[in-house]
Amino acid sequence: MLDSVAHSTFLPNASFCDPLMSWTDLFSNEEYYPAFEHQTACDSYWTSVHPEYWTKRHVWEWLQFCCDQYKLDANCISFCHFNISGLQLCSMTQEEFIEAAGVCGEYLYFILQNMRSQGYSFFNDPEETKATIKDYAVSSCLKTSGIKSQDCHSHSRTSLQSSHLWEFVRDLLLSPEENCGILEWEDREQGIFRVVKSEALAKMWGQRKRNDRMTYEKLSRALRYYYKTGILERVDRRLVYKFGKNAHGWQEDKL
DNA sequence: CGTGCATTTCCTGGTT
DNA sequence: AAACCAGGAAATGCAC
C-alpha cells in the first residue's frame, strides 16, 4: 500500500496552480489528459476529478501529494483508513480524519474541505490560505524530522488558531516570502534574530490574531514572558532576541 | 461552571 | 523626544 503511494506520480506543480481555474475548467481542460487520449475516469489524475468522484487511487494520489507538498509525516497517517473512495472520503468528519491521521488528519481535512469549495485555486491563493497552509504545517510537528506518530496524535488539537507567538515569529524567520524583511537572522546557528520592522511585525501578528489593536509594545511584552519559560533568551540589544532551549524547529539542521 | 495557559492591555520607570 | 526594554498586575479568550 505504502509502495503504491510512494511510487505513483504527480502532476507537475505548474499544472494545478492556476488560481483562475474552476473545477469545470479543470474537468474540461485537455491539458489534464495530456498523455492518455482514451482515459477512463479511473485512469485520470485526482486533480482532474472532483473529490466526490475520486476513486481509491485518486485518494491515494491526493494523500501522496499532500505528504509531499506539505511535508506531512506519513508515519502519522493510518493508510488503511484511507483505502476508500472519494465519496467516502468526503463524508468523513474532522474527528474521523484526526482519528485516522492525528494532526495530519486535521490538516488533510482542512485541505480537502477547501479543495471541495475552492478547487485548485486553494493551492495558489496568495492571501490567507497560503499563510494558513504554511503556518499549519510548520507550527505543528509536521516538519520536524523523526517525529513519532504518537506525538502527532498527542498534538492533534494543534491548529492555526492556537499557534503561539514564538512559533509565528519562528515561521516568519523560516519563510523568506512571508517575511518581507520584517525579521532577520543575526546569528543563524545560535538562534539570534533581530526585529527589523517592529511595527510591521505587530501588524502581522495582529492580523493573525484578528486584533487590529496589536502594537509592538504589547507584542514585545508577550515576548518578554518567554524569557521565563526558556522559549527565548535575553539579548542585551535593542530589538534582538534569541531562541532558548525550550524553543524548537528553528535550527537549520533540524528542519 | 471552574481552571489554567497564553497572551493582551495598561502602566510606571529606566535606557538608548 | 521617540522608540525600546523590564516587569508587575489585571483582564481576556480559549481549551479542557
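Below, chains carry the letters A, B, ... as their sequence lines are ordered, and counting in each starts from 1.
- In this structure, A/N211 reaches the B/dT9 phosphate: one of its side-chain N or O atoms is under 4.0 Å from OP1 or OP2.
- Using the six-membered ring where Trp is involved, A/H248 and A/W166 have ring planes that are perpendicular, over 60° apart on the 30 and 60° scheme.
- Taking atom CG of A/L219 as the reference point, atom P of B/dT7 lies 10 Å away to the nearest angstrom.
- Between the side chains of A/Q88 and A/S85, at least one donor N or O lies within less than 3.5 Å of an accepting N or O.
- Here the P atom of nucleotide B/dT7 and the NZ atom of A/K228 are 14 Å apart, to the nearest Å.
- Here the C1' atom of nucleotide C/dG7 and the OH atom of A/Y225 are 7 Å apart, to the nearest Å.
- Across the protein-nucleic acid pair, A/R213 atom CZ and B/dT7 atom P stand 17 Å apart, rounded to whole Å.
- What separates NZ of A/K203 from C1' of B/dT8 is a distance of 19 Å, to the nearest Å.
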Worksheet, complete the sentence: Under a 4.0 Å heavy-atom criterion, the protein footprint on nucleotides 1-6 of chain C, written with B, S and -, is --BBBB
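- Salt-bridge check for A/E217 with A/R221: failed, with every basic side-chain N at 4.0 Å or more from each acidic carboxylate O.
- Between A/Y53 and A/H50, the ring planes lie perpendicular to each other; the angle is over 60°, past the 30° to 60° tilted range.
- Ring geometry for A/F97 versus A/W62: interplanar angle over 60°, hence perpendicular rather than tilted (30 to 60°).
- Here A/L165 lies in heavy-atom contact (under 4.0 Å) with sugar-phosphate atoms only.
- Atoms NZ (A/K209) and P (C/dT12) sit 15 Å apart, rounded to a whole Å.
- Environment of CD in A/E96: crowded, with over 12 heavy atoms of neighbouring residues, nucleotides or ligands closer than 6.0 Å.
- Distance, A/K218 NZ to B/dC10 C1': 9 Å, rounded to whole Å.
- Atom CG of A/D212 and atom P of B/dT9 are 9 Å apart (whole Å).
- Atoms OH and CG, on A/Y241 and A/L223 in that order, are 5.0 Å from each other to the nearest 0.5 Å.
- Within the 4.0 Å cut-off from OP1 or OP2 of B/dT8, at least one side-chain nitrogen or oxygen of A/W205 is found.
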